[in-house]
Amino acid sequence: MVNKSIEVLADKSAIVERATILVLEKIQTALQERGQCAIALAGGSTPKPLYEAIAAKSLPWEKIHIFWGDERYVSHDHPDSNCNMARQAWLNRVDFPPGNIHPMPTGANDPSADADRHDGEIREFFGVKAGEFPPFDIILLGMGDDGHTASLFPHTEVLQVRDRLIAVGNKSGQPRLTFTIPLINRGRCVIFLAAGANKQNALANVLGDSADAREYPSRFIQPEGELWWFVDEMAAKTLEANHRSLIIDN
Ligand code: 6PG
């Protein structure tokens, strides 16, 4: 049984406020228990203000390691790069040791080769062998209007991958590197952020009882650790009452 919490908050800024509290709490837990924290960041637009909020905090950055749950297959200085967004919003604003930032490689002009390379980089960081899936302390995720998360898009081959950490996703023919479903599901704390009316249909299907996960891939995310959904009123409008465990007014 997944340890799942769904919190419906007033708006996107309330989501950011709530998510900041939880992320800081989980960072502290990781530092107390393991002396370091490994976080996988989400791309897209929703998490940007969260990254800006975390950048304003005073944390032991040398004990925090940054990864990405997915990346568009572009250079890291490209405007579409998830790495670029996080660096502008957070990482360049605080004193991270360069070795603590682990972007998904996109420079081989061969997405499969770069996926294999990053798979090895993560295995080396955690000291895990083939067939083992390391537990990230925090995995941040967004959800697309179509119910995708990371670069796990509906009815794509990457949804079947169960034997590696990193694989090549496909968005309308564009390659992307992505965490696989088993890697995300090893997460100790997986946090979805979803805001806006355009997420209503996907959210109702992802959190509902009967939709096909191949159609709404965020349904595949059933982590061993904690699963948190922070959504705003607009996104949650069509959620049946039984899926609203909590309403938070900000
Ligand atoms: C990406 C993300 C993707 C994103 C969703 C939601 O690379 O774009 O990883 O999965 O989280 O598409 O994006 P928004 O937050 O912009 O709605």
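Remember, it's 1-based here, ligands and their atoms both numbered in the order they're listed. Both backbone and side-chain heavy atoms feed into the values below; hydrogens, waters and symmetry mates do not. Nothing fancy with the numbering, it's 1 onward along the sequence.
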Polar contact flag, side-chain donor to acceptor under 3.5 angstrom, Thr178-Asp70: no

Among all the protein's non-hydrogen atoms, which is closest to atom 17 (O) of ligand 1, and how far away is it? Lys199 NZ, 2.6 Å

Judged on heavy-atom distance to atom 11 (O) of ligand 1, which of Gly142, Ser151, Gly69 sits nearest? Gly142

for atom 12 (O) of ligand 1, nearest protein heavy atom and its distance come out as His148 NE2, 2.9 Å

Return yes if a side-chain donor-acceptor contact under 3.5 Å exists between Ser81 and Glu71, otherwise no. yes

List the closest protein heavy-atom neighbour of atom 13 (O) of ligand 1: residue, atom name, distance to the nearest 0.1 Å. Gly44 CA, 3.9 Å

Applying a heavy-atom cut-off of 4.0 Å, say which part of Thr46 lies close to ligand 1: side chain, backbone, both or neither. both

At what distance is the nearest protein heavy atom to atom 6 (C) of ligand 1, and which residue and atom is it? Met143 O, 3.6 Å

Do Leu22 and Ile15 sit in one hydrophobic cluster, given that two such residues count as connected whenever their side-chain heavy atoms are within less than 4.5 Å of each other, even indirectly? yes

Indicate the ring-plane relationship of Phe67 and Phe125, choosing parallel, tilted or perpendicular according to the 30° and 60° boundaries. perpendicular

Can you tell me which residue and heavy atom of the protein come closest to atom 8 (O) of ligand 1, and the distance to 0.1 Å? Arg72 NH2, 2.7 Å

Does NZ or CZ of Arg162 fall inside the cone over Phe220's six-membered ring, less than 6.0 Å from its centre and within 45° of the axis? yes

So, does Tyr73 use its side chain to make a donor-acceptor pair with the main chain of Asn109 at under 3.5 Å? yes

Please work out whether the ring planes of Trp61 and Phe96 are parallel, tilted or perpendicular, with thresholds of 30° and 60°. tilted

Side chain or backbone, does Ser45 bring an N or O within less than 3.5 Å of an N or O on ligand 1? yes

4.0 Å heavy-atom contact, Ala150 with ligand 1: yes

Check each atom of ligand 1 against the heavy atoms of Arg176 and keep those under 4.0 Å away; list them by number with element. 1 (C), 7 (O), 8 (O)

How are the rings of Trp229 and Phe192 set relative to one another: parallel (under 30°), tilted (30 to 60°) or perpendicular (over 60°)? parallel

Counting each atom of ligand 1 from 1 as listed, which ones have a heavy atom of Asn82 under 4.0 Å away? 1 (C), 7 (O)

Is Glu71 in contact with ligand 1, taking contact as a heavy-atom separation below 4.0 Å? no

Against heavy atoms of Asp70, which atoms of ligand 1 measure under 4.0 Å? 1 (C), 2 (C), 7 (O), 9 (O)

Could you tell me whether Glu224 and Arg188 have a side-chain N and a carboxylate O separated by less than 4.0 Å? no

